[in-house]
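Residue numbers start from 1 in every chain, and the chains themselves are labelled A, B, ... in the order their sequence lines are given, proteins ahead of strands. Note that this is a predicted model, so its numbers are computed, not measured.
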Protein chains: 2
Amino acid sequence: MDLKDIQQLLHEHKFRLTKEREAVLMAFVDARRMFTPAQLHDYVKERYERVGLTTVYRLLEALTKVGLATPFLIDGEIYYTFCPNQHHHHFVCLQCHQVKELFQCNAQQAMDVDQKIGTVAYHKLDFFGRCRSCEEEKH
Amino acid sequence: MDLKDIQQLLHEHKFRLTKEREAVLMAFVDARRMFTPAQLHDYVKERYERVGLTTVYRLLEALTKVGLATPFLIDGEIYYTFCPNQHHHHFVCLQCHQVKELFQCNAQQAMDVDQKIGTVAYHKLDFFGRCRSCEEEKH
DNA sequence: ACCTTATAGAAAATCATTTTCTACAACGGA
DNA sequence: TCCGTTGTAGAAAATGATTTTCTATAAGGT
């Protein structure tokens with residue numbers, strides 16, 4: 001999924017991709033890690049250009065609405081990660097906040113929620129720990 | 001896990017179980033559903049006795065800290081559910097907010113996160129949908 | 001019973017998020 | 001390409017959930 005596709009998806013939902021949003025989007029996509037809105041704001045400011053915090057909030061809201069971003073709740077903080085793909089899971093490094101996608105998914109079958117309980121609309125499966133490079137960091 | 005065990009666990013962490021906290025705890029445990037702090041506050045006020053909202057926040061924080069409550073992020077709202085057991089997963093009804101625990105867990109084996117990625121400290125697997133009774137409600 | 005330490009709850013403070021507002025930019029049609 | 005419509009940027013203000021503060025009180029150990 002590249003910029004064109006993202007643009008089209010946003011467009012279908014009547015969101016316009018301005019240069020400001022594009023700057024935030026580029027930063028967000030490239031980073032491959034999770035951010036709180038304020039963190040992403042700082043990150044964009046440093047690397048790309050100065051944009052308003054409101055703009056960051058609005059893009060994150062838009063991306064979440066069209067299914068391109070996922071919020072995580074960790075230690076009471078809400079982090080967002082860019083999620084271009086349909087259904088997948090995550091490995092989240094609690095140290096460097098890097099996020100990796102895992103595509104293989106056997107959870108639905110593996111768990112097989114009983115009909116007596118209800119009907120599953122969707123599920124979430126995420127792994128948290130330390131990524132390889134964070135582990136190697138401390139000798 | 002009964003009240004005695006909860007009391008002991010809180011005690012180990014130097015939390016005291018006062019009558020106010022006990023009222024909130026009873027409500028929370030009995031309900032078997034998820035609440036935002038404000039919702040739980042209302043619920044306790046109606047059914048048990050009047051307690052301060054601050055007290056509700058503090059109990060939820062304490063329970064989360066000792067591993068007896070789990071927060072869910074749904075539509076931007078943070079909901080808490082009482083989680084007495086070690087490792088398990090959830091079925092969350094998005095309509096009535098009822099929560100059921102699922103104990104069988106093959107996720108770790110089923111997914112088998114690659115060593116190259118990192119080391120998993122814990123994982124979360126939750127199912128969202130409509131529970132049986134909500135489904136039957138509308139004929 | 002006494003002493004230390006945690007708690008209740010109201011009130012105030014904090015701070016993340018949302019709303020408001022105005023000038024401006026993007027898109028689509030002529 | 002120009003124009004009208006509609007969404008957007010960003011600062012500033014408002015909102016509202018959550019946290020902190022404070023004082024009297026209660027809990028639990030000794």
Side-chain angles (χ1 to χ4, degrees), chain A residues 3-4 6-28 34-46 48-66 68-80, chain B residues 3-4 6-28 34-46 48-66 68-80:
Chain A
L3 204 61
K4 273 272 173 285
I6 297 170
Q7 189 157 21
Q8 165 153 11
L9 199 50
L10 289 173
H11 195 254
E12 282 167 16
H13 290 257
K14 310 233 175 168
F15 293 114
R16 290 175 187 172
L17 195 53
T18 62
K19 68 179 187 342
E20 289 86 356
R21 289 191 174 181
E22 200 168 306
V24 180
L25 187 61
M26 298 289 266
F28 192 39
M34 60 183 185
F35 295 95
T36 63
Q39 285 172 350
L40 180 55
H41 181 235
D42 289 344
Y43 189 84
V44 174
K45 244 187 330 197
E46 281 174 18
Y48 295 78
E49 64 176 299
R50 180 179 164 65
V51 296
L53 178 56
T54 315
T55 300
V56 173
Y57 272 100
R58 282 193 280 233
L59 180 67
L60 288 175
E61 187 190 357
L63 291 176
T64 302
K65 200 161 286 174
V66 306
L68 288 177
T70 300
F72 285 110
L73 179 63
I74 298 175
D75 287 335
E77 298 275 332
I78 299 179
Y79 292 87
Y80 289 85
Chain B
L3 203 62
K4 272 275 172 284
I6 297 170
Q7 189 158 22
Q8 164 153 14
L9 199 50
L10 289 172
H11 194 254
E12 282 167 15
H13 290 257
K14 310 232 177 171
F15 293 115
R16 291 175 187 172
L17 194 52
T18 62
K19 68 179 192 332
E20 290 86 355
R21 289 192 176 179
E22 200 169 306
V24 179
L25 186 61
M26 299 289 267
F28 192 40
M34 60 183 184
F35 295 94
T36 63
Q39 285 172 352
L40 180 55
H41 181 235
D42 290 344
Y43 189 84
V44 174
K45 243 186 334 194
E46 281 174 16
Y48 295 77
E49 65 175 300
R50 180 177 165 64
V51 295
L53 179 56
T54 315
T55 300
V56 173
Y57 272 101
R58 282 193 280 231
L59 180 66
L60 289 175
E61 188 190 358
L63 291 176
T64 303
K65 201 161 286 175
V66 306
L68 288 177
T70 302
F72 285 111
L73 180 62
I74 298 175
D75 288 335
E77 299 275 333
I78 299 179
Y79 292 88
Y80 289 84

Handout entry: Derivation and outcome, side-chain contact (heavy atoms from CB on, under 4.5 Å), residues A/Glu12 and A/Val66
Key = CA-CA 9 Å; A/Glu12 282 167 16; A/Val66 306; over 6 Å; no
Practice task
Verify side-chain contact (heavy atoms from CB on, under 4.5 Å) between A/Leu60 and A/Phe28, making sure each step is shown before the conclusion.
Solution key: CA-CA 10 Å; A/Leu60 288 175; A/Phe28 192 39; 3.9 Å; yes
Exercise for the section: List the steps and the verdict of side-chain contact (heavy atoms from CB on, under 4.5 Å) for B/Phe15 and B/Arg58. Expected result: CA-CA 10 Å; B/Phe15 293 115; B/Arg58 282 193 280 231; over 6 Å; no
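Within residues 9-25 of chain B, the residues approached by DNA chain C to less than 4.0 Å at the level of any non-hydrogen atom are B/Lys14, B/Phe15, B/Arg16, B/Thr18, B/Glu20, B/Arg21, in residue-number order.
In this structure, OH of A/Tyr79 is placed 12 Å from P of C/dA16, rounded to the nearest angstrom. Taking atom CD on B/Glu49 and atom P on C/dA8, their separation rounds to 11 Å, with Å as the unit. Rounded to whole angstrom, the span from the CG atom of B/Leu53 across to the P atom of C/dT7 amounts to 17 Å. One atom, CZ of A/Phe35, and another, P of C/dT17, lie 15 Å apart when rounded to the nearest Å.
Contact between B/Pro71 and B/Tyr80 at its shortest, heavy atoms only, is CB-CE2, 3.9 Å. Listed here is the closest heavy atom pair of B/Ala38 and B/Leu53: CA-CD1, 4.3 Å.
Going from atom CE of A/Met34 over to atom CD of A/Glu77 covers 10.0 Å, rounded to the nearest 0.5 Å.
Side-chain atoms of A/His41 do not come within 3.5 Å of backbone N or O of A/Thr54 as any donor-acceptor pair. Remark: the backbone N or O of B/Arg16 is paired with a side-chain donor or acceptor of B/Arg21 at under 3.5 angstrom.
Across all strands, A/Thr54 comes closer than 4.0 Å to base atoms (heavy-atom distances).
Chain B approaches DNA chain D over the interval D/dA17 to D/dG29, counting the first and last nucleotide 5' to 3' with an atom under 4.0 Å from its heavy atoms.
Between A/Arg58 and A/Thr36, the residue whose closest nucleotide on DNA chain C is further toward the 5' end is A/Thr36.
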